[in-house]
Amino acid sequence: MGDLNDIMGNQEKEGGILRYDNRWRLQPEVRRVINEVWNKECADLPPAKFHQVIKRLRNALSRWRSKQKLNSQKEIQRIKQEIQGVYEKDCIDYDHLNSLKLLLQMYYRMEEEYWRTKSRVLWLQAGDKNTRFFHAKTKQRRNFNRIIHIQDEAGTHYSKNEDIQNHIVSPITENEVRAAVFSINPDKSPGPDGMNAGFYRHHWNTIKKENGILREMEKLDTEMH
């Protein structure tokens with residue numbers, strides 16, 4: 001229970017590309033690893049090399065993961081036993097006890113995250129047998145993603161294709177990029193680089209930096225114009 005291997009794809013188990021696990025956001029060490037690699041190894045990379053930034057972060061996360069105990073259920077049992085041991089001592093170390101309780105809380109959250117992800121994987125596997133359902137969902141998604149009108153900051157609505165295009169090609173802002181990133185379900189399947197929407201959401205303050213995703217979006221925006 002709570003084992004990352006249960007929700008990893010066969011390619012990753014066989015040494016393929018690492019896929020970001022949303023449970024890692026609960027690990028303070030992950031944030032430290034990402035910030036350290038970003039500042040030390042990615043500061044000189046231009047926006048056009050953003051894919052190299054992601055590759056270096058992925059490699060760093062892979063090294064970190066190889067050293068971790070990723071079975072949250074086993075860690076929960078271990079911490080519970082350690083807490084019981086603290087209570088059984090003649091003199092209780094309350095600082096140590098509180099740190100153990102915080103650690104236990106984190107692993108409980110990781111276990112919940114595991115089962116939420118696990119249930120989604122099982123749903124997808126079962127859904128493979130119902131192609132009519134998935135065709136209907138695809139059609140529904142396409143209709144939902146089609147832009148039929150927009151509203152600007154002044155509250156003016158535009159429904160003609162020409163008017164919509166003229167407003168869509170306006171310079172991209174940080175708030176627009178952030179809104180787009182945070183609108184994606186963090187549990188969506190990751191892209192070819194192994195990073196899902198949860199990675200970009202949970203580490204937004206790091207990856208939006210000078211040589212990050214915002215610069216890459218600005219570059220693409222300039223090329224489009």
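- For Asn22 against Phe199, the heavy-atom pair with the smallest separation is OD1-N, 4.2 Å.
- Looking only at side-chain heavy atoms (C-beta outward), Met106 and Ile79 stay at 4.5 Å or farther from each other.
- Evaluation of the side-chain hydrogen bond (donor to acceptor under 3.5 Å, both in side chains) rule for Glu36 yields Arg32 as partners, not counting sequence neighbours.
- His202 and Tyr20 have tilted rings, their planes meeting at an angle from 30° to 60° on a 0 to 90° scale.
- For the atom pair CD of Gln27 and OH of Tyr107, the computed distance is 5.0 Å after rounding to the nearest 0.5 Å.
- Here Lys55 pairs with nothing under the side-chain hydrogen bond (donor to acceptor under 3.5 Å, both in side chains) rule; sequence neighbours left out.
- Taking all atoms of both residues into account, the shortest heavy-atom contact from Ala197 to Ile184 is CB-CG2, 3.5 Å.
- For the pair Ile83/Lys101, a side-chain contact is recorded, criterion being any heavy-atom separation below 4.5 Å from C-beta on.
- Pairing each heavy atom of Leu18 with each of Ser62, the nearest pair is CD1-CA, 3.4 Å.
- Counting heavy atoms from C-beta outward, Tyr200 and Val177 have side chains that stay 4.5 Å or more apart.
- Among all heavy-atom pairs drawn from Arg25 and Arg31, the shortest one is O-NH2, 4.1 Å.
- One finds the CG atom of Leu100 at 10.0 Å from the OH atom of Tyr87 (value rounded to the nearest 0.5 Å).
- Val86 and Leu102 end up in different hydrophobic clusters when Ile, Leu, Val, Met, Phe, Trp and Tyr side chains are linked at under 4.5 Å.
- Residue Gln105 qualifies as open at atom CD: its count of foreign heavy atoms under 6.0 Å is 12 or below.
- To the nearest 0.5 Å, atom NE2 of residue His51 and atom CZ of residue Arg56 are 9.5 Å apart.
- With sequence neighbours left out, Ser183 forms a side chain to side chain contact (heavy atoms under 4.5 Å, CB included) with no residue at all.
- A distance of 10.5 Å separates CG of Leu97 from NZ of Lys89, quoted to the nearest 0.5 Å.
- Interatomic distance, Lys80 NZ to Leu104 CG, rounded to the nearest 0.5 Å: 6.5 Å.
- Of all heavy-atom pairs spanning Arg58 and Asp193, the tightest one is NH1-O, 2.7 Å.
- A distance of 11.0 Å separates CD1 in Ile34 from CD in Glu29, rounded to the nearest 0.5 Å.
- For the pair Val33/Arg65, no side-chain contact is recorded, criterion being any heavy-atom separation below 4.5 Å from C-beta on.
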Margin query: side chain to side chain contact (heavy atoms under 4.5 Å, CB included), that's the test. Do Met195 and Leu61 meet it? Break it down for me.
Written below: CA-CA 11 Å; Met195 301 303 189; Leu61 287 173; 4.0 Å; yes
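- Of all the heavy atoms in Cys42 and Val53, the pair that sits closest is SG-CG1, 3.9 Å.
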